[in-house]
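Take a look at the structure below.
Order of the sequence lines sets the chain letters (A, B, ...), proteins ahead of strands, with each chain counted from 1. Worth saying up front: this structure is predicted, and the values here are computed from it rather than measured.
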Amino acid sequence: QTLFLAMVDQGVSPDVVTYNSLIHGFCSSTQWEEAMKYFKEMVDGGILPNVVTYNSLLSGLCKVGRMEDAQTLFLAMVHQGVTPDVVTYTSLIHGFCNSTQWEEAMRYFKEMVDGGILPNVITYTTLIQGQCSVANWREATRLFTEMMDRQISPDVVTFNILIGTLCREGRVEDAQRFLEMIIQRGEEPDIFTYNTLMDGYCMVGQMDEAKKVLESMVGKGYKPDVVSYNTLINGYCRSKMTNEAMRLFEKMPGNGLTPDIVTYSALLTGLCRAGRFMAAQEILSDMLGLCKNKC
RNA sequence: AUGUUAGUUUUUCGCG
């Protein structure tokens with residue numbers, strides 16, 4: 001905002017992209033009034049909002065589940081002669097999926113296809129995730145096949161969602177097969193892929209396999225992050241292997257990682273459950289000590 | 001010419 005004002009002060013006139021950037025910023029931090037203020041200001045200034053402007057506002061509404069408002073805005077944009085694009089529809093579909101209004105999501109999907117707008121990998125991935133989040137594996141795989149049939153290549157995000165869903169259902173072996181499919185297709189799994197799969201093995205108590213995933217990611221040159229460690233620490237704690245959890249915790253600083261609130265929370269819970277209150281107390285005072293140093 | 005928009009992972013506790 002300050003930069004914006006400075007820019008106006010210097011006599012540089014904002015254009016549609018300037019406004020879009022501001023509006024997007026406010027929308028993604030759910031500062032709705034501010035976003036609308038700039039929207040009005042641009043219209044008053046004679047700058048026509050374009051599809052990006054509307055998409056930013058729309059995705060802001062969709063993210064917080066204000067789907068009635070999103071629909072109203074969608075109609076308004078069409079009314080203003082701005083043609084919705086694949087981003088517009090995908091945002092709406094995402095919003096409806098998140099509020100578990102599957103019928104509406106599919107209605108917009110059809111409308112989009114009928115209107116000659118081609119769904120892309122993000123559209124399909126959004127739909128797949130919508131079905132995965134309500135544990136409708138059949139429909140998820142149907143969509144997965146459909147997208148492949150339409151020559152739309154699933155990407156690593158698509159695979160991560162499928163892997164995460166299988167893991168949550170305890171089907172880690174199947175999840176592992178998807179990881180292999182990514183590699184077979186010549187694509188790169190990312191840190192999300194590995195962390196998700198690791199958590200899958202942790203959830204079924206196969207800590208040896210979880211550890212193998214960590215090792216294979218290191219072997220491929222990926223740096224485990226704080227989430228990787230938290231996942232394994234939590235896994236060891238739940239498998240009552242608190243010594244292993246502690247070992248990992250101690251290795252974090254050496255690997256350039258700072259334990260965060262999640263690390264401490266998992267470890268403290270694990271140690272307390274195991275009745276190791278002395279150890280828990282030590283960890284806690286370490287944490288509080290570090291906290292004081294920073295303040 | 002260039003810049004702006006949509007999808008994915010980990011912990012505890014509480015509430016619904």
What about [X], does its side chain sit under 3.5 Å from the base of [N] through a donor-acceptor pair?
X	N	value
A:Thr125	B:G7	yes
A:Asn98	B:G7	no
A:Asn20	B:G3	no

Among the candidates [options], find the nucleotide nearest to the side-chain atoms of [X].
X	options	answer
A:Arg273	B:U5, B:G7, B:C13	B:C13
A:Val262	B:A6, B:U8, B:U10	B:U10
A:Phe192	B:A6, B:U8, B:G3	B:U8
A:Val87	B:A6, B:U10, B:U4	B:A6
A:Ser265	B:U11, B:U9, B:G3	B:U11
A:Val227	B:U5, B:G7, B:U9	B:U9
A:Asp199	B:U10, B:G3, B:U4	B:U10
A:Ser59	B:G3, B:U9, B:U5	B:U5

Heavy-atom neighbours of A:Glu68 CD exceed 12 at 6.0 Å: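 Result for CD/A:Glu68: enclosed.
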
Sequence-distant partners of A:Gln31, side-chain hydrogen bond (donor to acceptor under 3.5 Å, both in side chains), two or more places apart: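 Listed in chain order: A:Ser29.
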
